[in-house]
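Numbering of residues begins at 1 and proceeds along the displayed sequence.
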Amino acid sequence: MTSPAAKTAATSLADDVAAILGRLGVDTGAAGDGALVARSPLSGEVIARLRTDTAADADAAIARAHAAFLAWRLVPAPKRGELIRLLGEELRAAKEDLGRLVSIEVGKIRSEGLGEVQEMIDICDFAVGLSRQLYGQTIATERAEHRMMETWHPLGVVGIITAFNFPVAVWSWNAALALVCGNAVLWKPSEKAPLTALATQALFERAAGRLRGQGVEVPPGLSAVVTGGRELGKALVEHPAVALVSATGSTAMGRNVGPRLAARFARAILELGGNNAAIVAPTADLDLTLRAVAFAAMGTAGQRCTTLRRLFVHDSIYDAFVPRLQRAYRSVPVGDPLAAGTLIGPLIDGLAFEAMQRALADAGAAGGAICGGERVDAGLGADAYYVRPALVEMPTQAGPVERETFAPILYVMRYRDFAEALRLHNAVAQGLSSSVFTNDLREAEAFLSASGSDCGIANVNIGPSGAEIGGAFGGEKETGGGREAGSDAWKAYMRRATNTINYGRTLPLAQGVRFDVA
């Protein structure tokens, strides 16, 4: 039974959400009273009801997106960049509101909600510059009076499937790049986080309206959101007009999506599971390491794909370091993420709590010594799942340690030999993010070398969580191999053409081939 206090809190949350959506320009009348129930993990109560789209709706949206692509690809790239610059301006103006909505909808603490919007702003800034740097290259040719080069062209409709834990930032990584590259985008957000998607789309429409006011054609359907269940993701994956699908979620989801895209020779960017680890060497700065490990393992209530889940601590410093870490686990503030001073908000729902408890039971059965992990009463109702992060000392890397549990569980193990720690580090199916804490140059360089970490992200003296947008984000093995955000990730959203121009009067063939006809 929900307490009166929790009902009051939930009512105020619903009112807060309605006011935010109104300020951001979301048509709550068109969205409301539908079959998709939006709940806030802060209280577990309903904050909105949304209309769900059907597979037929998705097909119609794809058709509109394809028509938009055919027009948008002809707009000069710097003009496309102007759209993203205006979107960045809208995000700056709406940062407080959108950040708060992120916190309410998925349970992030206030600084993380705002940080997610800042990440959107950052990728917009990156993409604006990129719109004048979609470079090809001139290639040396063996044939006289010829020029060879490569050019990059827009790809088509880009489908974006996002998870609840980064409800808007991951969309922006994809959309900002895809749009400046000349594509249209169609977004299927998590059923657990549809409101932030609708709010972001409303901000996009504001930016598009401003660009139209400058005389630039922004075709309708260039960016759209479809809300609902798996059938919408299936429609994006299987539709022949969707050239690329960027999907973030579980490895099981990736095993389903990847072959379906491959069957029709479509492109995939897969951002899947992570079972991230760090090695704490004897020379590590333990004060720095403690802060880095605490955020990486406990931040976002352990619900990041880059969350630190395994920690290998050298035997010589284990007894000095681990008790300090345990004290941090026992004292970290858990509660309402909108309240000042809170560092750990709720799990997304009861299913996440049950998965955490099963993993802890398995760890205990395997000989693990558990610190934390219990449910915390935050005074916001029985349908809210707040937990104290769990630190589990394990005798070996086995059982639940080898699986990803999307919750704040950190498994800690001793090591004596760096090579053995590195072997254990790499001995899991996933390969997303990793760290080593050391002041030994040899260990640091070995960790970053070809024989070191097998992850897509490898860090020294910072945690595995909290990547900047300037680098390409993604991992190897069962993490999927996709790359998003910075560096040259933009190339995934374009098609490459190799061009050769003969400006002479003869026709020499490559490789010395002769084919003379009368």
Side-chain angles (χ1 to χ4, degrees), residues 17-32 34 38 48 50-53 57-58 60-73 75 79-102 105 116-117 120-121 123-125 127-128 131 157-160 162 167-189 193-228 232:
V17 166
I20 291 171
L21 293 177
R23 288 194 295 270
L24 297 182
V26 177
D27 183 355
T28 54
L50 306 177
R51 182 184 68 82
T52 55
D53 291 299
D57 293 328
I62 292 168
R64 290 191 295 271
H66 182 68
F69 157 69
L70 295 178
W72 187 242
R73 64 180 177 173
V75 175
K79 292 293 186 183
R80 302 193 297 249
E82 176 66 6
L83 174 61
I84 301 305
R85 188 188 71 79
L86 293 171
L87 176 60
E89 286 189 355
E90 295 295 338
L91 289 167
R92 283 180 170 87
K95 181 176 178 180
E96 285 290 334
D97 272 341
L98 187 55
R100 184 174 180 85
L101 186 59
V102 168
E105 190 166 42
E116 181 157 356
V117 182
M120 301 174 79
I121 295 167
I123 195 66
C124 285
D125 289 349
V128 172
S131 69
V157 178
V158 173
I160 305 171
T162 56
V168 288
V170 172
W171 172 83
S172 71
W173 295 352
N174 287 275
L177 299 190
L179 288 164
V180 299
C181 288
N183 305 297
V185 296
L186 186 57
W187 183 9
K188 191 274 179 196
L195 298 176
T196 44
L198 295 176
T200 300
Q201 178 62 24
L203 294 175
F204 173 86
E205 293 296 347
R206 285 186 185 176
R210 291 172 63 187
L211 189 59
R212 292 187 186 105
Q214 298 177 18
V216 178
E217 179 191 0
V218 182
L222 183 64
S223 172
V225 176
V226 289
T227 55
L232 301 179

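Contact detail for Val225 and Pro189: the closest heavy-atom pair is CG1-CD, 3.8 Å. Nearest heavy atoms, Ala58 versus Val226: CA-CG1, 4.3 Å. For the pair Leu195 and Ala48, the tightest heavy-atom approach, listed with the atom from each and the gap, is CD2-CB, 3.9 Å. Of all heavy-atom pairs spanning Ala68 and Pro220, the tightest one is CB-O, 3.5 Å. In this structure, Gly88 and Ile121 approach most closely via the heavy-atom pair O-CG1, 4.3 Å. Thr227 and Pro194 get closest at one heavy-atom pair: CG2-CB, 4.3 Å.
In this structure, OG on Ser131 lies 11.5 Å from CG on Leu179, to the nearest 0.5 angstrom. Put simply, CG on Asn174 and CD1 on Ile160 are 4.5 Å apart, with the number rounded to the nearest 0.5 Å. To the nearest 0.5 Å, atoms OG (Ser172) and CZ (Phe204) are separated by 13.0 Å. Between atom NE2 of residue His66 and atom CG of residue Leu186 there is a gap of 13.5 Å, rounded to the nearest 0.5 Å. Atom CG of Leu198 sits about 8.5 Å away from atom CH2 of Trp187, to the nearest 0.5 Å. Atoms CD1 and CG, on Ile123 and Leu87 in that order, are 11.5 Å from each other to the nearest 0.5 Å.
A search for ring-ring contact (aromatic ring centres under 6.0 Å, His included) contacts involving Trp72 returns nothing, not counting sequence neighbours. Applying the side chain to side chain donor-acceptor pair (under 3.5 Å) rule to Arg210 yields the partners Glu89, Glu90; only residues at least two apart in sequence or on another chain are considered.
Listed by first and then second residue, the side chain to side chain donor-acceptor pair (under 3.5 Å) pairs that reach into residues 196-209 are Glu105-Thr196, Gln201-Glu205, Gln201-Ser223, sequence neighbours excluded.
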From CA spacing to verdict: side chain to side chain contact (heavy atoms under 4.5 Å, CB included), Leu203, Met120: CA-CA 12 Å; Leu203 294 175; Met120 301 174 79; over 6 Å; no
Candidate pair Asp53 and Arg51, rule salt bridge (charged side-chain N to carboxylate O under 4.0 Å, His left out), full reasoning: CA-CA 7 Å; Asp53 291 299; Arg51 182 184 68 82; 3.1 Å; yes
Worked verdict on Arg92 versus Lys95 for side chain to side chain contact (heavy atoms under 4.5 Å, CB included): CA-CA 5 Å; Arg92 283 180 170 87; Lys95 181 176 178 180; 5.8 Å; no
Side chain to side chain contact (heavy atoms under 4.5 Å, CB included) between Arg100 and Ile20, worked out: CA-CA 9 Å; Arg100 184 174 180 85; Ile20 291 171; 4.0 Å; yes
Intermediate values then yes/no, side chain to side chain contact (heavy atoms under 4.5 Å, CB included), Leu83 and Val75: CA-CA 11 Å; Leu83 174 61; Val75 175; over 6 Å; no
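Of the possible polar contacts, one joining the Glu116 side chain to the Val168 backbone as a donor-acceptor pair under 3.5 Å is found. Using a distance-only test at 3.5 Å, with no hydrogens or angles considered, a donor-acceptor pair links the side chain of Arg212 to the main chain of Val218.
Proximity of Pro167 to Val102: side-chain heavy atoms (C-beta onward) are separated by under 4.5 Å at one or more points. When side chains are defined from C-beta on, Leu21 counts as touching Leu101, because their heavy atoms get closer than 4.5 Å.
Within a 6.0 Å radius of NZ in Lys79, no more than 12 heavy atoms belonging to other residues, nucleotides or ligands are found.
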